Amino acid sequence: MLVNRKLILAHFWLAFAVFGIALTLGAWQMFIRSPIGTWLSNPELYYRSLTAHGTVMGYVFPTLVAMGFGYAISESALEQRLVGVRWAWAGFWLIVVGAIMAMVPIALGRASVLYTFYPPLIGNVFYYLGVVLVVVGSWIWVALMSVNLRVWRKAHPGAPVPLAMFANVAGSYLWAWTAVGAALELLLQIIPVAAGLKATIDAGLARVFFSWTLHAIVYFWLMPTYIAYYTIVPRAIGGRIYSDSMARISFILFLVVAMPIGMHHTFADPQVGAGFKFIHSAFTALVALPTLLTVFTICASVEIAARLRGGRGMFGWIGALPWDNPMMLALAFSFVMLGFGGAGGLINMSYQLDASIHNTQWITGHFHLIFGGAIVIMYFAIAYDLWPHLTGRELIDIRLIRTQLWLWFIGMIVTTFPWHWVGILGMPRRMAYFDFGDPAIAPQALSVTLSAIGGFILLASGIMFIVILARGMRAPQVDAGPYRFALAVHQPTTVPVALNTHALWVALMIALTLTNYGYPILNLALSEGTSVPAVYVGAQ
Amino acid sequence: MSTRELFTLTNRHFKTSVGITAAIFVVTAIAGFIVLPFAQPWVQFANVWDAICSAAGVPQRAASVTAPEQSKRMSEVVLTSNTLSRPSQEAIGRGATLAQRCAICHGPTGVSRADSPNLAGQYAAVIYKELHDFRTGARTNAVMSPFAVNLTDQEIADLSNYYAYLPRLPAYHPTPQLPKPNIVIYGAPMRGIAPCGACHGSLDNKTGSPWLEGQSEAYMKAQLQAFASGERRNDISQQMRNIARAMTPQEIEQAAAYYASQPPDVVKAVD
Ligand code: HEM
Ligand SMILES: [Cu+2]
């Protein structure tokens with residue numbers, strides 16, 4: 001039951017429009033710092049572009065996808081009209097205003113601070129206020145998801161919450177809490193300085209606050225993808241979810257362990273004690289658990305589909321899968337990229353190994369593979385799957401869709417594998433210029449060139465994606481029927497309270513945040529002499 | 001069953017999940033705060049509490065280590081981009097009177113006819129910092145130091161505001177404008193040298209870095225050589241020494257010649 005289609009479409013279109021812009025900037029960045037581009041001779045332009053690319057890709061684009069998808073889930077999984085539609089539009093417009101407010105100072109070169117803010121570097125205050133508005137807009141969505149679930153529970157006392165909605169609300173709570181770190185950094189530390197009320201800033205504390213956000217935000221990005229794995233893919237390929245409880249446990253585990261591990265981003269920072277780094281590193285190891293559970297459950301679900309289609313044998317069933325179905329293709333590509341990216345992640349999370357790749361191009365290669373690859377390819381799949389239900393029109397270019405997915409996959413591999421490699425060779429990230437004529441880095445020229453070519457393949461694929469969706473708005477009308485989610489092999493009739501509600505897991509999430517972040521934050525906040533003078537972008 | 005009943009010890013899920021989480025936390029905390037600190041043979045802890053504090057990152061002052069004796073003075077100036085940002089007319093006027101003593105070297109219009117630096121239109125923060133450094137002895141110069149030792153804080157601020165206020169005039173030794181050398185716009189990334197232009201104008205300007213257009217070539221060359229040899233050491237955190245040391249003599253020549261040949265109107269506007 002998709003009633004508020006305009007609302008959902010607005011979120012998706014805005015998401016994909018800003019994605020298109022940021023993607024173009026990304027390809028330009030690739031080109032300009034590779035041996036095939038000529039150097040601009042003004043690094044500031046590079047950082048301007050990088051700030052816009054990171055801010056859009058990290059904050060605006062995934063948040064809008066999660067919101068639009070979340071509204072769609074709420075209406076169709078609960079079979080209930082969205083409660084609070086006006087609020088939802090208010091949240092949407094806050095994001096529009098926030099995004100514009102942030103982009104103007106970036107475009108003027110007044111906020112080239114990169115999306116991680118990098119204090120004591122301080123940009124124009126409107127950049128930060130814009131980011132805050134985007135976050136506030138998304139908090140409205142969090143509240144609405146919670147309210148809608150509550151309304152549904154009232155009407156269906158004791159009934160199992162549909163898996164898609166259970167996961168969706170888990171994701172929204174995770175986001176609500178993880179955004180608090182960056183919000184504290186912005187409101188207590190950066191904005192007072194950017195507004196001229198203070199001239200010094202505790203950069204170490206700011207980094208700790210940011211790490212609070214930085215890890216769990218990646219699981220927030222991941223949520224729509226995992227929801228699609230569990231609740232869309234099996235239905236789309238004619239299978240069933242292998243285990244509904246396993247799915248719930250995975251989402252619950254994300255809620256609990258995604259938060260108290262962010263300090264793996266501060267391994268190289270002197271202001272954090274080694275003991276806390278160790279605890280965060282150990283908890284990071286646990287976060288592999290829900291992903292392993294998911295890979296297992298989804299492979300089993302896919303096998304069910306294959307066997308239902310007549311697949312036989314130990315591996316013979318793989319051939320029986322509907323490989324011409326875009327959803328199948330997207331899932332396979334996503335898993336391959338998740339596998340390679342996950343293997344790289346094991347290196348990042350180990351205290352000792354991290355030292356060798358810290359702040360190198362390996363890191364950018366890694367998160368593009370996971371985020372831009374494994375996650376975003378499923379965003380595409382979600383859009384393709386929902387589109388006919390939102391527009392009432394058929395997506396006719398199935399072949400083009402397959403090509404688009406193939407190109408994204410190939411482009412991402414061609415871009416990120418060499419990107420990882422030059423990182424191992426020691427090439428630093430966030431550098432605007434490399435002198436490949438220097439014998440010391442001349443051997444990296446080939447890899448960087450390959451990456452740039454991969455970037456253009458990605459750009460082509462991104463353009464195709466937008467064209468396919470735009471054409472879908474004008475295709476012949478069809479009745480796509482109600483939007484449905486996958487069923488489990490054993491569709492639950494009762495679910496234990498612990499697996500049907502979020503309270504216990506939210507409590508554990510907050511408790512672990514206090515144990516793992518409480519002391520480091522208090523220690524830095526109460527110590528004297530830890531602040532340094534702010535450095536204002538563009539100031540003399 | 002309601003959520004209220006969930007948060008009781010009789011609920012199996014509650015007991016297990018809280019138990020497991022607490023157990024993992026305790027085990028990792030013992031490993032991180034006690035076992036691993038003691039596993040480092042190169043660090044000595046007086047007792048367990050000492051190890052825990054160290055692993056928690058409690059700021060400590062090691063008793064056995066004393067700060068190395070400084071043979072030369074360091075700069076003590078703290079600059080922010082708000083330093084001296086809004087001068088009054090009186091301050092500029094007082095500065096003008098004081099500046100009469102400086103004119104013999106730095107020129108009556110703030111543009112030097114000798115190889116002393118031009119000061120007209122220089123950023124106030126820059127003059128402020130150098131005068132402070134001359135006064136404390138962080139920077140020394142046979143001619144300049146005696147002038148600076150007796151200046152008060154107020155006089156330094158006034159002089160800085162006055163010179164920053166003066167219009168930027170073309171220097172006395174203009175040469176044909178040279179093209180930008182690599183060191184100015186690219187730096188030398190492999191040697192850790194950021195482009196000169198990233199701090200000194202041309203590309204961007206950073207607080208405390210002077211603009212250099214039209215300065216005397218001989219003066220700039222001498223300063224770069226002094227930074228490279230460590231003879232001049234009032235740059236905060238060795239920002240200039242690290243760069244000058246890594247520059248080749250040829251790059252020093254190029255940078256000095258390039259900046260000397262530039263007219264002042266290419267300098268980015270202040271405030
Ligand atoms: C959906 C896909 C993508 C996402 C989510 C994404 C996200 C990001 C983020 C968050 C950053 C960090 C910015 C920073 O370091 O401040 C970044 C950097 C970057 N991205 Fe992307 N990006 C995507 C696609 C692309 C594509 C397709 C390209 C190339 C064609 C690209 C090229 C770059 C480059 C060159 C950097 C800068 C790396 C550096 O200098 O350290 N990105 N991206
Ligand atoms: Cu992380």
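Letters go in sequence order (proteins before strands), and every chain restarts at 1. Given the structure is predicted, the values throughout are model-derived calculations rather than measurements.
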- Item | Which portion of A:Leu524 sits near chain B, non-hydrogen atoms under 4.5 angstrom | neither
- Message: Would the distance check show the side chain of A:Asn523 and the main-chain N or O of B:Gly57 forming a donor-acceptor pair, the cut-off being under 3.5 Å?
- Response: yes
- Message: Looking at every heavy atom in both A:Ile279 and B:Ala29, which two are closest together, and how far apart are they?
- Response: CD1-CA, 3.9 Å
- Residue pair B:Phe25 / A:Pro260, side-chain heavy-atom distance below 4.5 Å: no
- Task: Would you mind checking which part of B:Val58 comes under 4.5 Å of any heavy atom in chain A, side chain (CB onward), backbone (N, CA, C, O), both or neither?
- Result: both
- Item | Part of B:Ala22 lying under 4.5 Å from any heavy atom of chain A | neither
- Task: Assess whether atom CZ of A:Arg207 is packed by more than 12 heavy atoms of other residues, nucleotides or ligands within 6.0 Å.
- Result: no
- Trace of the side chain to side chain contact (heavy atoms under 4.5 Å, CB included) decision for A:Phe276 with B:Phe33: CA-CA 8 Å; A:Phe276 283 102; B:Phe33 287 96; 3.7 Å; yes
- Closest contact, heavy atoms only, B:Ala56 versus A:Tyr519: O-CE2, 3.4 Å
- CG of A:Leu504 to OG of B:Ser17: how many Å apart, nearest 0.5 Å? 4.0 Å
- Take A:Val257 and B:Thr21 through the side chain to side chain contact (heavy atoms under 4.5 Å, CB included) test and state the conclusion after the steps. CA-CA 9 Å; A:Val257 289; B:Thr21 311; over 6 Å; no
- Which atom pair, heavy atoms only, marks the closest approach of B:Phe7 to A:Ala507? CE2-CB, 4.1 Å
- Check against side chain to side chain contact (heavy atoms under 4.5 Å, CB included), A:Val497 and B:Phe14: CA-CA 10 Å; A:Val497 185; B:Phe14 177 78; over 6 Å; no
- Query: Given the options A:Thr515, A:Asp435, A:Ile252, A:Leu512, which has more heavy-atom pairs under 4.5 Å with chain B than any of the others?
  - Reply: A:Thr515
- Message: Please give me the minimum heavy-atom distance between A:Phe283 and B:Thr28, naming the atom from each residue.
- Response: CE1-OG1, 3.9 Å
